[in-house]
Amino acid sequence: MLTLYRNARLCTLAGKQGWGLIDDGALLVRGQTLHWVGPTADIPTDAPITAEHDLHGALVTPGLVDCHTHLVYGGQRADEFEQRLQGASYEDIARAGGGIRATVRATRAASAAQLFADAHNRALTLLRNGVTTVEIKSGYGLSLEHEARCLRVARQLGAELPLTVRATCLSAHTLPPEFEGRADDYIDAVCAWLPQLQAEGLMDAVDAFCERIAFTPAQTRRVFDAARALGLPVKLHAEQLSDQGGAELAASYGALSCDHLEYLSAQGIAAMRRAGSVAVLLPGAFYFLRETRLPPVAALREAGVPMALATDHNPGSSPTLSPLLMLNMACTLFRLTPEEALRGFTVNGARALGLHDRGQLVAQQRADFVAWPLGHPNTLSYWLGQHPNCRVFIGGKEV
Ligand code: NIG
Ligand code: FE
């Protein structure tokens, strides 16, 4: 039972570099998997094709993987955006009790139904923009009850929407007010929550924010030890506002990824290369916080550290749901090539989640793909924030 999709311009991203273009291409899908990918002229003649679809010459790429989002939260922070435009810094606002803590208040005050409805809308918007796999972090609950509630929303989204949802526990996002002055006690609490969240099957990975306004390397290490004891992979918000040596620390735990990385050092790059950690670059946050320090893209490229891209959707530093805008910003702000940007939002995004079954259009990968009304894949990073009007296929079915 094979379904044929024909008349496509395929951008397979097969291999380690190049677009992998097949001008007059076709896909054969069996169940949720790509069975065969190649030029129309080579479609296997003995294949038992039971259904056939014409893609009318569309550009077909792997489905987009948004490997870093904070999709579940209450409220918004437009007032802080205005304060920052008037000169307040992100760190000033955080120290004054705003920032992540403002969203924690709004998230705790929201009903579970409201949290779900808002996150559902956001996930649907990502889906309509070509995203077929999304990672969702907790980190705006900061109590066992509220962290579990946010992670359950992520799990429920995965159950109700066709896209794949990976849930990451980011309870070590910032210090909640009830633990003021007692950061080590809060870390003890987080370490005690993890087995309970794990028993309910609520997490695929554990993340932390290692920063002056969040947690120290020593505190981050304790969270990672607790994750490791449960067999959970780790990721880290590292080197976003200062160099804390977070990437080296995360790499020593075999981190799936280190994310942000504006202040990443040469030692951090070397450690990530040895550990095989992915560098997740977040141009939306860089832009929205009006950062000036660029992540060391040329050195990462030189070292062969895989670079991924994501929206980092959240209400404080990156209120965007446009993957294509991130592709553009990665090129204009970070100097990625259009091909590196697309690989960052597909195959390398998948690697940042520990997923090796998606991100390229090759046989045996998941049949997650997007048909765009565009001619060449370099136009994906060219149209600036325009709605892509794409058709999205997940597990072989149009959604
Ligand atoms: O990825 N850096 C820390 N966490 C988020 C922002 C959180 C917020 O400001 O609400 C980020 O940028
Ligand atoms: Fe983030």
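In this chain, numbering begins with 1 at the start of the sequence shown. For ligands, and for the atoms within them, numbers begin at 1 and follow the listed sequence.
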**Student:** So is His68 close enough to ligand 1, meaning a heavy atom under 4.0 angstrom away?
**Tutor:** yes
**Student:** Is a side-chain donor-acceptor pair under 3.5 Å present for Gln156 with Glu160?
**Tutor:** yes
**Student:** At the Fe ion (ligand 2), what's the angle from His68 NE2 to His70 NE2, rounded to 10 degrees?
**Tutor:** 100°
**Student:** For atom 2 (N) of ligand 1, find the nearest protein heavy atom and state the residue, atom name and distance (0.1 Å precision).
**Tutor:** Gln240 OE1, 2.7 Å
**Student:** Please work out whether any backbone atom (N, CA, C, O) or any side-chain heavy atom from C-beta onward of Arg77 is under 4.0 Å from ligand 1, and answer side chain, backbone, both or neither.
**Tutor:** side chain
**Student:** What do you reckon, are the aromatic ring centroids of Phe215 and His237 less than 6.0 Å apart?
**Tutor:** no
**Student:** Is it the case that more than 12 heavy atoms not belonging to Arg335 sit under 6.0 Å from its CZ atom?
**Tutor:** no
**Student:** Applying the side chain to side chain contact (heavy atoms under 4.5 Å, CB included) criterion to Trp372, which one of Leu380, Asn389, Val60 satisfies it?
**Tutor:** Leu380
**Student:** Closest non-hydrogen protein atom to atom 4 (N) of ligand 1, residue and atom name please, with distance?
**Tutor:** His173 NE2, 2.9 Å
**Student:** Is the gap between the ring centers of His260 and His68 under 6.0 Å?
**Tutor:** yes
**Student:** Taking the six-membered ring of Phe286, is NZ or CZ of Arg293 closer than 6.0 Å to its centre and within 45° of its axis?
**Tutor:** no
**Student:** Is the closest N or O pair between Thr103 and ligand 1 shorter than 3.5 Å?
**Tutor:** no
**Student:** What's the shortest distance from atom 6 (C) of ligand 1 to any protein heavy atom, and which residue and atom give it?
**Tutor:** Tyr90 OH, 3.3 Å
**Student:** Could you identify the single nearest non-hydrogen protein atom to atom 7 (C) of ligand 1 and state the distance to 0.1 Å?
**Tutor:** Tyr140 OH, 3.3 Å
**Student:** Could you check which N/O/S atom of Asp312 is closest to the Fe ion (ligand 2)?
**Tutor:** OD1
**Student:** Quick check on Tyr73 - does any of its heavy atoms sit under 4.0 Å from an atom of ligand 1?
**Tutor:** no
**Student:** Taking CZ in Phe179 as the centre, count heavy atoms belonging to other residues, nucleotides or ligands within less than 6.0 Å. Is the count above 12?
**Tutor:** yes
